[in-house]
Engineer: 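I have a structure here, written as structure tokens, and I will follow up with some questions on it.
Naming convention: chains lettered A, B, ... in sequence-line order (proteins, then strands); numbering from 1 in each chain.
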Protein chains: 2
Amino acid sequence: MTTDLGDDPLALDRQVCFALAVAARSVIGLYRPLLEPMGLTHPQYLVMLALWEREPRSVKDLSTTLQLESATLSPLLKRLEAARYVTRRRSADDERLLVVELTDAGRALRDEAEKIPYAIVERLAMPVSELEDLHASLTRVITAATSQG
Amino acid sequence: MTTDLGDDPLALDRQVCFALAVAARSVIGLYRPLLEPMGLTHPQYLVMLALWEREPRSVKDLSTTLQLESATLSPLLKRLEAARYVTRRRSADDERLLVVELTDAGRALRDEAEKIPYAIVERLAMPVSELEDLHASLTRVITAATSQG
DNA sequence: CCTTAATAGTTAGCACACTAATCAATAGTG
DNA sequence: CACTATTGATTAGTGTGCTAACTATTAAGG
């Protein structure tokens, strides 16, 4: 028994993957002008969010938390280090681990960043409840897609 | 009056942008093993979907439809041409326009692609109704984010 | 111990995706 | 008709994001 996806399963305007890709790019585009004065890209912002929550963290820890390959994080973290927002050093306990820590400048950036979520919600001009519904729905998709892709 | 976003507006697990980015990457990752035997990446697949719907299309047309910059599409279309799935030629009416058309091989690929949506829905193991809700929700976000970002 | 396997990061290479700059063709205006 | 602005596409440069191959460290087994 196959699922019924209508007469044209390849119709572009029905593809969830297309809507996901466009929505992600659109929303990230909303962050661009807000992050640019802080000298951050969106993925760098996500790393900073993780570090503002808990610090220090290893690359492995960031990789698990942000669902990014260490191959992606490596150069990104080097750019954050060049921007003087983080430091990178090997752990004394386990020299395989690279420990990422915020600098004072990186910690100070948090105050500035506090404004961003409000600015985004304002620009989206959507009820917060609908954003919460969307978030819950996305979480279910992530679980489904990563459980045994 | 400011919107109430709770006690920590920067909490990673509440960021819709984070959920959007992870969901998009996760779902696109689901397509990878299905598209790889066809020699397509996910953005290339979206271009093919657009062309299977209507053909020929200019780069400008694809740019509007897929919400991608022509700077992104230019090299992508050259790769699709190298793979013998499309042809590229200047329009006779308006030589600014580059006309993209499917080859026979590109058109034939559609039969193979028909299976993909069903394979994805099966892998996601989510009710189609919930995917439809998500799609509607994403469409509203896209409208909100692109209306006057 | 010593070999072997597992783990953590880095590097290289490919493919988006964006901005900015450029170029050619067309459209609009005096 | 000539001048200018607009439009459509390409190129260059930066920054993800992936896989695969590699190095170094640690853990596990005989």
Engineer: Is Arg110(B) salt-bridged to Asp8(A), going by a charged N under 4.0 Å from an acidic O?
Structural biologist: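 Answer for the salt bridge query: yes.
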Engineer: Just the rounded figure in Å: distance from C1' of dT10(D) to CG of Leu98(B).
Structural biologist: 10 Å
Engineer: In whole Å, I'd like the distance from the CG atom of Leu66(A) to the P atom of dG17(D).
Structural biologist: 10 Å
Engineer: Over 60° means perpendicular and under 30° means parallel, so tell me whether Tyr31(A) and Tyr45(A) are parallel, tilted or perpendicular.
Structural biologist: tilted
Engineer: Could you pull out the closest heavy-atom pair between Leu10(B) and Trp52(A), with the gap in Å?
Structural biologist: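 Of all heavy-atom pairs spanning Leu10(B) and Trp52(A), the closest is CD1-CE3, 4.1 Å.
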Engineer: Between dT14(D) atom C1' and Leu40(A) atom CG, what is the distance in whole Å?
Structural biologist: 15 Å
Engineer: Hey, does Leu76(B) reach any base, or is it just sugar-phosphate, or nothing, if we go heavy atoms under 4.0 Å?
Structural biologist: sugar-phosphate
Engineer: Ignoring the backbone of Lys78(B), work out which of dT11(D), dG17(D), dT10(D) is nearest its side chain.
Structural biologist: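 The answer is dT11(D), which lies nearest to the side chain.
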Engineer: Quick one, Arg96(B) with Ser91(B), criterion side chain to side chain donor-acceptor pair (under 3.5 Å). Give me CA distance, side-chain angles, the key distance, then yes/no.
Structural biologist: CA-CA 7 Å; Arg96(B) 290 173 306 179; Ser91(B) 163; over 6 Å; no
Engineer: Using whole Å, report how far CG of Asp94(B) lies from P of dT6(D).
Structural biologist: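 Result: 17 Å.
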Engineer: Describe the nucleic acid contact of Leu73(A) in one word from base, sugar-phosphate, nothing, applying a heavy-atom distance below 4.0 Å.
Structural biologist: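 Leu73(A): no heavy atom of the nucleic acid under 4.0 Å.
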Engineer: Atom CG of Leu35(A) to atom C1' of dG15(D): distance rounded to whole Å?
Structural biologist: 14 Å
Engineer: What nucleotide, of dG17(D), dT26(D), dT11(D), holds the atom closest to the side chain of Ser74(B)?
Structural biologist: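 Of dG17(D), dT26(D), dT11(D), dT11(D) is nearest to the side chain of Ser74(B).
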Engineer: I want to check something: taking the side chain as every heavy atom from C-beta on, are Leu46(B) and Cys17(A) in contact at a cut-off of under 4.5 Å?
Structural biologist: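 Yes; the side chains approach each other to less than 4.5 Å.
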Engineer: Assuming nearest nucleotide by heavy-atom distance, tell me which of Pro75(A) and Leu97(A) is located more 5' along DNA chain C.
Structural biologist: Leu97(A)
Engineer: Is any side-chain N of the basic residue among Arg89(B) and Glu101(B) closer than 4.0 Å to the acidic one's carboxylate O?
Structural biologist: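 Looking at Glu101(B) together with Arg89(B), the answer is yes, because their closest N to O distance falls below 4.0 Å.
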Engineer: Over how many whole Å does the gap from Leu68(B) atom CG to dT10(D) atom P extend?
Structural biologist: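 Roughly 14 Å, once rounded to whole Å.
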Engineer: Check the phosphate of dT16(D) against Thr41(A), side-chain N and O only, distance under 4.0 Å to OP1 or OP2. Yes or no?
Structural biologist: yes
Engineer: Can a donor-acceptor pair be found between the side chains of Thr41(B) and Arg32(B) at a distance below 3.5 Å?
Structural biologist: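 Side-chain D/A pair, Thr41(B) to Arg32(B): absent.
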Engineer: Provide the start and end nucleotides, 5' to 3', of the part of DNA chain C that has atoms under 4.0 Å from heavy atoms of chain A.
Structural biologist: dT7(C) to dC18(C)
Engineer: Show the nearest heavy-atom pair for residues Ser63(A) and Ser70(A), with the distance to one decimal.
Structural biologist: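 Scanning both residues, the minimum pair turns out to be OG-N, 4.2 Å.
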Engineer: Over how many whole Å does the gap from His42(A) atom NE2 to dT14(D) atom C1' extend?
Structural biologist: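 That distance rounds to 18 Å.
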Engineer: Could you tell me whether the phosphate oxygens of dT16(D), OP1 or OP2, come under 4.0 Å of any side-chain nitrogen or oxygen in Arg79(A)?
Structural biologist: yes
Engineer: Base, sugar-phosphate alone, or nothing: which one does Glu69(B) contact when heavy atoms must sit under 4.0 Å apart?
Structural biologist: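 Here Glu69(B) touches the bases of the nucleic acid.
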Engineer: Can you sort out which residues in residues 44-65 of chain A have a heavy atom within less than 4.0 Å of DNA chain D? Ascending by number, please.
Structural biologist: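 Those residues whose heavy atoms fall under 4.0 Å from DNA chain D, taken from residues 44-65 of chain A in numerical order, are Gln44(A).
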Engineer: How far does CG of Leu30(A) sit from CD1 of Ile116(A), to the nearest 0.5 angstrom?
Structural biologist: 11.5 Å
Engineer: Is the shortest side-chain N to carboxylate O distance from Asp61(A) to Arg54(A) below 4.0 Å?
Structural biologist: yes
Engineer: Just checking Thr72(B): base, sugar-phosphate only, or nothing, at a heavy-atom cut-off of under 4.0 Å?
Structural biologist: base
Engineer: Measure OH/Tyr31(B) against C1'/dG17(D) and give the value in whole Å, please.
Structural biologist: 19 Å
